[in-house]
Asker: 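Got a structure here, written out as structure tokens. Questions coming.
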Amino acid sequence: MDATDILTPDLLERLRGRAAGYDRDNSFFTEDLEDLRSAGYLSLFTPQDAGGAGFTIGQVVRSQRLLAAAAPATALAVNMHLVWCGVAHLLALRGDHSLDFILADAARGELYAFGISEPGNPAVLFDSQTAAQPLGDGSYAFTGTKIFTSLSPAWTRLGIFGRDDSLPEEPRLIFGFAPRGTEGITVKDDWNTMGMRASQSCTTVLDHAVLSADRLVRSTPVGPHADPFVFAIFALFETLLSAVYTGVGDRAVELAVEAANKRTTAGGGSGAHDPHTRWKVADAAIRMDGIHPQLESIARDLDEGVDHGSLWFPKLSSLKYRATETARSVVETAVRVAGGRSYSRGAELERLYRDVLAGMFHPSSEDSVHSSVANAWLGPVPVQDARP
């Protein structure tokens, strides 16, 4: 079984056919989600003997590329569920089955969301502005604000974390999963963005939201560390996110080819025979050809447990940066090939142009990627030489 066995041509066309309406109405992809759930898409990572597809990370990457080429916002939102499933999958590959319940839940139709991002927190997984207060019985109360919480109208399980400062000399980060309906969790109706509108990634407010001890899954130190759980989150987030934007770039090349064949030159010939148009389409295809092997290689290395040591984080953040920047530039090239018609509201390229810009807002940021890679190759800057 592979991606096309689940994402059949008929299913992909239904998803593509709804994308413009969701975008226009700024509405959640309810029908898409039901179709994907019925097709078994939510349980791609769940082993076959547990009711899932038993996909590898590489197979899920290929699936997300196909889905994103049809419906980018749907793919981006479902991606967050697949990240949590992928974390459980990757840990299980390494012999840690503590999150196998996520894979079982996915097969039963539960939908996991990502309540990690916070306003003004560049440290992302290594620190939190959300307070995690121990209540003395093993439970914790979480208070803070999470942003870009995709799947807001439909998630049934929300992954969250916060900072426990009860021991000031040794603060800890506490991770857990909150079921929908948990008292103290409010989802704002505030998603009205330029692109990726169907994802409905609303702000989530935690106000003394209590998770019992059995809902908690990890405690990690504040600051950079090599905890396998945090590595798994980062690895799956960057890799599957890259797959989504690669799928957007793939579709842009297809649309550039279609536009070139439809256009006519001033002399009445096919636009596909115009040398400038041919150069643009070729250049877009070359750029996409460059990202495909990098994405597949990273996915394969994760599946096979390749040890890149301290280079893993730079490799993953570099992949995300290259995939999102490549996709953005390729969509822009496709717009240039298609001409003024792509500037009209409702044109697929016009929507892709807005959707692809969201790539710059996901971690890792442009600055953090370059800092991470510079540290990997040049070493950290000594404190006395650091510049603001």
Side-chain angles (χ1 to χ4, degrees), residues 56-58 60-61 64-65 79-80 82-84 86-87 89-91 93-94 114 116-118 121-128 148 161 173 218 220-249 287-330 356 358-383 385-388:
T56 64
I57 296 171
V60 175
V61 160
Q64 282 295 84
R65 280 179 56 189
N79 208 64
M80 303 311 161
L82 292 175
V83 166
W84 283 125
V87 169
H89 166 82
L90 187 61
L91 289 177
L93 287 178
R94 309 295 191 264
F114 217 69
I116 299 296
S117 296
E118 300 169 339
N121 178 20
V124 193
L125 291 165
F126 294 137
D127 201 354
S128 176
F148 297 119
F161 84 131
L173 299 174
R218 279 299 186 281
T220 66
V222 172
H225 56 266
D227 186 281
F229 171 72
V230 171
F231 170 77
I233 295 175
F234 188 77
L236 269 297
F237 186 90
E238 299 290 77
T239 303
L240 295 185
L241 187 77
S242 298
V244 168
Y245 286 94
T246 299
V248 174
R287 277 177 275 159
M288 290 309 303
D289 277 346
I291 194 62
H292 293 156
Q294 184 183 10
L295 177 58
E296 292 167 4
S297 173
I298 289 291
R300 184 173 59 252
D301 285 356
L302 288 170
D303 279 323
E304 296 178 358
V306 174
D307 183 9
H308 289 298
S310 63
L311 288 178
W312 254 125
F313 280 91
K315 281 181 176 291
L316 290 162
S317 58
S318 296
L319 169 66
K320 179 267 173 182
Y321 177 69
R322 179 172 289 127
T324 55
E325 290 297 303
T326 298
R328 181 190 56 76
S329 67
V330 166
V356 78
M360 70 178 69
F361 300 109
H362 305 293
S364 297
S365 69
E366 179 182 33
D367 291 341
S368 67
V369 171
H370 285 81
S371 176
S372 176
V373 174
N375 285 340
W377 289 100
L378 298 172
V381 177
V383 174
D385 291 338
R387 298 291 185 269

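Along the sequence shown, residues are numbered consecutively beginning with 1. These values consider heavy atoms only, across backbone and side chains, with no hydrogens, waters or symmetry-generated copies.
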Asker: Kindly state whether the ring of His370 and the ring of Tyr321 have centres lying under 6.0 angstrom apart.
Answerer: yes
Asker: Indicate yes or no: at least one non-hydrogen side-chain atom of Leu302 is less than 4.5 angstrom from one of Phe231.
Answerer: yes
Asker: Compare every heavy atom of Ala376 with every heavy atom of Leu311, then report the nearest pair and how far apart it is.
Answerer: CD2-CB, 3.8 Å
Asker: Okay, side chain of Glu118, backbone of Ser128: is any donor-acceptor separation there less than 3.5 Å?
Answerer: no
Asker: Given side chains that start at C-beta, do those of Val61 and Thr56 come closer than 4.5 Å, heavy atoms only?
Answerer: no
Asker: Quick check: Phe114 with Phe237 (ring centres under 6.0 Å apart)?
Answerer: yes
Asker: Using every non-hydrogen atom in the two residues, find where Ser329 and Thr326 come nearest and quote the distance to one decimal.
Answerer: OG-O, 2.9 Å
Asker: Is there a donor-acceptor pair closer than 3.5 Å between any side-chain N or O of Ser372 and the backbone N or O of Ser368?
Answerer: no
Asker: Give a yes or no answer on whether the side chain of Asn121 reaches the backbone of Asp127 with a donor-acceptor pair at less than 3.5 Å.
Answerer: yes
Asker: Kindly give the heavy-atom pair with the smallest separation between Thr246 and Ala323, and that separation in Å.
Answerer: OG1-CB, 3.9 Å
Asker: Between Ile233 and Phe229, is any pair of side-chain heavy atoms under 4.5 Å apart?
Answerer: yes
Asker: If you look at every heavy atom in Ser317 and Val369, which pair is closest and at what distance?
Answerer: O-CG2, 3.5 Å
Asker: Taking the side chain as every heavy atom from C-beta outward, state whether Leu295 and Tyr245 have any atom pair closer than 4.5 Å.
Answerer: no
Asker: Using a 4.5 Å cut-off on heavy atoms from C-beta on, say whether the side chain of Arg94 contacts that of Pro228.
Answerer: no
Asker: Once rounded to the nearest 0.5 Å, what's the spacing between atom CG of Leu90 and atom CG of Asp303?
Answerer: 8.0 Å
Asker: So, do Trp312 and Ile298 sit near enough that their side-chain heavy atoms are less than 4.5 Å apart?
Answerer: yes
Asker: Are Arg300 and Ser297 close enough that some pair of their side-chain heavy atoms sits under 4.5 Å apart?
Answerer: yes
Asker: For the CZ atom of Arg287 and the CZ atom of Arg322, what is their distance to the nearest 0.5 Å?
Answerer: 13.5 Å
Asker: If you define the side chain from C-beta out and look only at heavy atoms, does anything of Phe234 sit under 4.5 Å from Ser364?
Answerer: yes
Asker: Identify the heavy atoms of Ser318 and Val373 that sit nearest to each other, and give their distance.
Answerer: OG-CG2, 3.2 Å
Asker: Name the residue from Asn79, Leu82, Val83 that meets the side-chain contact (heavy atoms from CB on, under 4.5 Å) definition with Val60.
Answerer: Leu82
Asker: Once you round to the nearest 0.5 Å, how far does CD of Gln64 lie from OG1 of Thr239?
Answerer: 12.0 Å
Asker: Nearest 0.5 Å, what's the NZ-CD distance between Lys315 and Glu238?
Answerer: 14.5 Å
Asker: Counting distance only, does the side-chain N/O of Thr324 pair as donor-acceptor with the main-chain N or O of Lys320 below 3.5 Å?
Answerer: yes
Asker: Rounded to the nearest 0.5 Å, what's the gap from CZ on Arg65 to NE2 on His292? Could you check?
Answerer: 3.5 Å
Asker: Nearest 0.5 Å, please: how far is NE2 in His89 from CD1 in Ile57?
Answerer: 4.5 Å
